[in-house]
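Notes to accompany the following structure.
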Protein chains: 2
Amino acid sequence: MSKNAVRIKDIAAKANVSVGTVDRVLHNRGRVAEDVRQKVLLMMQELEYEPNMIARTLGSNRTYQLAAVQPSHTLDPYWQAPWEGINKAARELQQYGVTLRVYPYDMSRVDSFREQMELATQAQPDGIVIAPLFYRESLPFFERWQHAKIPYVLFNTYITEINPLSYVGQDSYQSGFLAGKLLQFGQTQPGTYLIAHIAEDIANSVHVTQKEQGFRDYFAQLPASQTAGITVRSIDLPYPTEPAFAGRLTGLLAQNQPVRGIFVSTSRAYAIAPYLQPYAAAIRLVGYDLLEENIHYLQEGTIDFLINQNPKEQGYYGLYALADQLIFKKEVPPLKYLPLDIIAKENLHYYVEK
Amino acid sequence: MSKNAVRIKDIAAKANVSVGTVDRVLHNRGRVAEDVRQKVLLMMQELEYEPNMIARTLGSNRTYQLAAVQPSHTLDPYWQAPWEGINKAARELQQYGVTLRVYPYDMSRVDSFREQMELATQAQPDGIVIAPLFYRESLPFFERWQHAKIPYVLFNTYITEINPLSYVGQDSYQSGFLAGKLLQFGQTQPGTYLIAHIAEDIANSVHVTQKEQGFRDYFAQLPASQTAGITVRSIDLPYPTEPAFAGRLTGLLAQNQPVRGIFVSTSRAYAIAPYLQPYAAAIRLVGYDLLEENIHYLQEGTIDFLINQNPKEQGYYGLYALADQLIFKKEVPPLKYLPLDIIAKENLHYYVEK
DNA sequence: TTGTACGCGTTATCAA
DNA sequence: TTGATAACGCGTACAA
């Protein structure tokens, strides 16, 4: 052991009290005379006491029930990754007495969300990680948790006006900005750049709005010499399976001013890719996330870049934020932005491996 | 605690022996009858015993002296990051009894390398992480370590023909390939693409050779329609401070066939950037690593992309590989490629923050 | 308000 | 070749 490990016992000796007393001031359990308290506190500072977390978790038989609320990973492929990240963290934290319960909801049904949130709340966990895709429906639960002093961590979707322990995720605005660069970079011809929202309820999704803002701001900040003849448009598309989808899309592509690039604001770039194949490299396509379908079109060349939001890491660090707070008593940053990885065909395999 | 945690005591009871005996078979300490040994082993399997690492490290007062050998972070800015990563890991591992000693060498002096390697070896550490920039001079030490059964982990620079516990770093070939894409992407005009080696002893550096190979292969795999009129050349430049440097470089830029892009094979893109400023965006520049000088030119626009080799993570995971082997008895993958992050002005701030 | 003693799961020592 | 038993540092009843 690091030779100079200061123990609770050392403080007790130096302060002429018992280890029980030191323990009480250490955890503010009360029942200790003020003057004694001060003396112990002083000794702790002098000796630079650092609690031994190993011994602490071994000694206390405390367990921590953590809850995770996210869209079902069996219903939507994107949510597989966060689910894995959360479970990976849970396995690592098992030896610290952590048990995890996941509450998956159907992201196409608000009532499913509310139902799972209610279940998670009823279980009275010691902490909650949540991807709050439904804005309005989330708020009342946050209030209840705040009142019950249950720490909760947001991931994937940021919601202002509330005070989570932490938010773990990507900076949507910056990712939109970056998408703009990837579409326009090296292109000199005039034409149209599209941002496509596929089956999104934009009004209820801060997320997508921020991406669009970033995307538009990229073009706005370009020098005038480069923006001449360039149009930026946003389009709303229905679910890819709807009959209207194909018609709407091909209509857009057949317009007078040629389309130079399309930025898909969600992970559904694969739905657009087949329609771009006839245009070969003439229309750039940038989207999000390493779904199997996206990977396919990236390798094939129709999708030029994918922006990876590190979904697995989002889940992983989300749960760890709770552990840092509850178990390790570390300071938890209120905001943890994960890097936006730019993935091209050539560096793809690094990401699919892990 | 996970209620059904099987303890050494449970095995002892089920096998009708004492915990001492179980401990002996668990660690192959010998001094135990073969039939008893088999019985205990069987019980362990039946109960699916998983050792409690927390209790183990608390009980054993073992300490682990680890050594790190890398170029001095005060002499070359690149090595600041790995140094930080190693130290971060060391801090986290402190409570597991890990102490770290760093042996920095002057990367411009072979004798300094040999000297520090000798010191590290003399200290008889329990494990070593090393960035072996000097190929030939490393080999004899690896042999000594192998003989002394000291596990060692390579990072940053891969050396074949030896058997380290693990290599942590980037895939040089792929990064060269990727650099090719970033230079050529979206460019249609004919011209020259350069790969510049600045003050590199290429013969003794597998590293750089692999980068060049990847770079050339990128252009080789392009469809013929895109490679017409394209030349790929490699150039060796002296130290940026040498008088010959500027002359050589400006001579290259003034040639008949216009230069479309330059790929700098090391972290010294900043040395070339000033000479490209007159050409504005006409010549793309791609390099490695987030050094302060590189960041400056990236923000300013002269450098288009930087490939980040995750140097901090290299150090961090390098040390952790040793800990996983020695302390946590986890399986250590022989190869851990870190992602090649593509960094543009727009996503820069994620990387400088962390 | 304070101190004592035992338990957490494992390692390590020493006696049998 | 075995089995008790005291550490490891801390939490926590319970007694004083």
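In what follows, chains are A, B, ... by sequence order, proteins preceding strands, each numbered from 1.
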>> Nearest to the A/A55 side chain among C/dT11, C/dG9, D/dC10, which nucleotide is it?
In response: D/dC10
>> What's the closest nucleotide to the side chain of A/L58 if the choices are C/dC8, C/dG3, D/dA4?
In response: C/dC8
> Is the distance from OP1 or OP2 of C/dT4 to the nearest side-chain N or O of A/S18 less than 4.0 Å?
Replying inline: no
> Does A/S60 place a side-chain N or O at less than 4.0 Å from the phosphate oxygens OP1/OP2 of D/dC10?
Replying inline: no
> To the nearest Å, how far apart are A/D23 CG and C/dT4 C1'?
Replying inline: 13 Å
> Can you list the residues that meet the side chain to side chain donor-acceptor pair (under 3.5 Å) rule with B/T121, with sequence neighbours excluded?
Replying inline: B/W145
>> Applying side chain to side chain donor-acceptor pair (under 3.5 Å), can you list everything that pairs with A/D126, at least two apart in sequence or on another chain?
In response: A/R62
> Which pairs count as salt bridge (Lys or Arg N to Asp or Glu O under 4.0 Å) when at least one residue sits in residues 87-99 of chain A, sequence neighbours excluded?
Replying inline: none
> Tell me, which of residues 34-45 of chain B have any heavy atom that sits under 4.0 Å from an atom in DNA chain D?
Replying inline: B/V36
> Would you call the rings of A/F113 and A/Y105 parallel, tilted or perpendicular, where under 30° means parallel and over 60° means perpendicular?
Replying inline: perpendicular
>> Using the rule given for side-chain contact (heavy atoms from CB on, under 4.5 Å), can you reason through A/F141 versus A/Y152, listing the C-alpha separation, both sets of side-chain angles and the distance that settles it, and then say yes or no?
In response: CA-CA 10 Å; A/F141 287 98; A/Y152 56 97; over 6 Å; no
>> Just to be sure I understand the geometry, which residues of residues 26-33 of chain A put a non-hydrogen atom under 4.0 Å away from DNA chain C?
In response: A/R31, A/V32, A/A33
>> Could you work out how much the helix from C/dT1-D/dA16 to C/dA16-D/dT1 bends, comparing the axis of its first five pairs with that of its last five, to 10°?
In response: 50°
